[in-house]
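Remember, it's a predicted structure, so these values are computed and weren't measured experimentally.
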Amino acid sequence: MKEYTKHIAIFLALCLWLVMPVGAQNRIDKMVENYSTVGSSTFTSVVERDPSTRQVQKVVKVLQVPGHQTDQFRTAFLKEKKAGTFVQQQQDDEQTMTLTCETSKQVRIYMLRLEGRFHYRSGKVTILVKMK
């Protein structure tokens with residue numbers, strides 16, 4: 001019985017480890033989806049398909065938000081930075097955060113660009129999903 005319990009514990013730990021990056025993706029995706037319906041934001045989505053199979057090859061989503069909504073996205077990106085490869089850059093009056101998450105089926109790149117050094121005037125979230 002102990003051996004059986006040990007195997008179940010290892011299996012559950014492995015499943016949890018595999019699902020962690022997906023949770024990060026879903027959190028940022030859900031935020032973009034929610035904010036895309038807010039009147040003060042602008043949302044654009046483009047889907048590229050294979051002409052012969054009609055299979056989705058790439059999806060690009062862009063959400064532009066005013067300054068008062070940028071802090072929540074910045075916080076979400078900082079919380080999720082361990083879910084993949086995270087890069088943060090500051091150049092003049094612009095801060096950029098990039099999170100790349102890769103699975104066997106797709107590569108997801110999340111980018112947050114903030115204008116303003118201490119008080120953000122605007123923000124732009126870009127999500128690129130490329131199928132393998």
Phe86 to Phe77 - nearest heavy-atom pair and separation: CE1-O, 3.9 Å
Least distance between heavy atoms, Asp92 atom then Gln90 atom: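 Looking at all heavy atoms of both residues, the closest pair is O-NE2, 3.3 Å.
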Met97 side chain near Phe73 side chain, heavy-atom distance below 4.5 Å: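 The answer is no; the side chains never approach within 4.5 Å.
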Could you work out, with side-chain hydrogen bond (donor to acceptor under 3.5 Å, both in side chains) as the rule, every residue matching [X], not counting sequence neighbours?
X      : result
Arg121 : Asp93
Ser104 : none
Glu48  : none

Please tabulate, for the side chains in residues 125-132, all donor-acceptor contacts under 3.5 angstrom to protein atoms that are two or more places apart in sequence or on a different chain.
residue : atom : partner : partner atom : Å
Lys132  : NZ   : Glu102  : OE2          : 2.6
Lys132  : NZ   : Thr103  : O            : 3.0

Residue of the set Val62, Thr96, Val87, Leu99 for which side-chain contact (heavy atoms from CB on, under 4.5 Å) holds with Met111: Thr96
Could you tell me which residues satisfy side chain to side chain contact (heavy atoms under 4.5 Å, CB included) with [X], sequence neighbours excluded, listed by chain and number?
X      : answer
Asp50  : Ser52, Thr53, Gln57
Thr100 : Thr85, Thr98, Val107, Ile109
Gln91  : none

Salt bridge (Lys or Arg N to Asp or Glu O under 4.0 Å) against Glu94, all qualifying residues, sequence neighbours excluded: Arg113
For residues 37-45, please give each side-chain donor-acceptor pair under 3.5 Å, one per line with the distance, not counting sequence neighbours.
residue : atom : partner : partner atom : Å
Thr37   : OG1  : Asn34   : O            : 2.8
Ser40   : OG   : Gln69   : NE2          : 3.2
Ser41   : OG   : Tyr35   : O            : 2.5
Ser41   : OG   : Val38   : O            : 3.0

Candidate pair Lys81 and Gln88, rule side-chain contact (heavy atoms from CB on, under 4.5 Å), full reasoning: CA-CA 10 Å; Lys81 68 183 183 180; Gln88 184 174 3; 5.5 Å; no
same_hphob_cluster(Leu112, Leu78) at 4.5 Å side-chain heavy-atom cutoff: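 Cluster IDs for Leu112 and Leu78 match.
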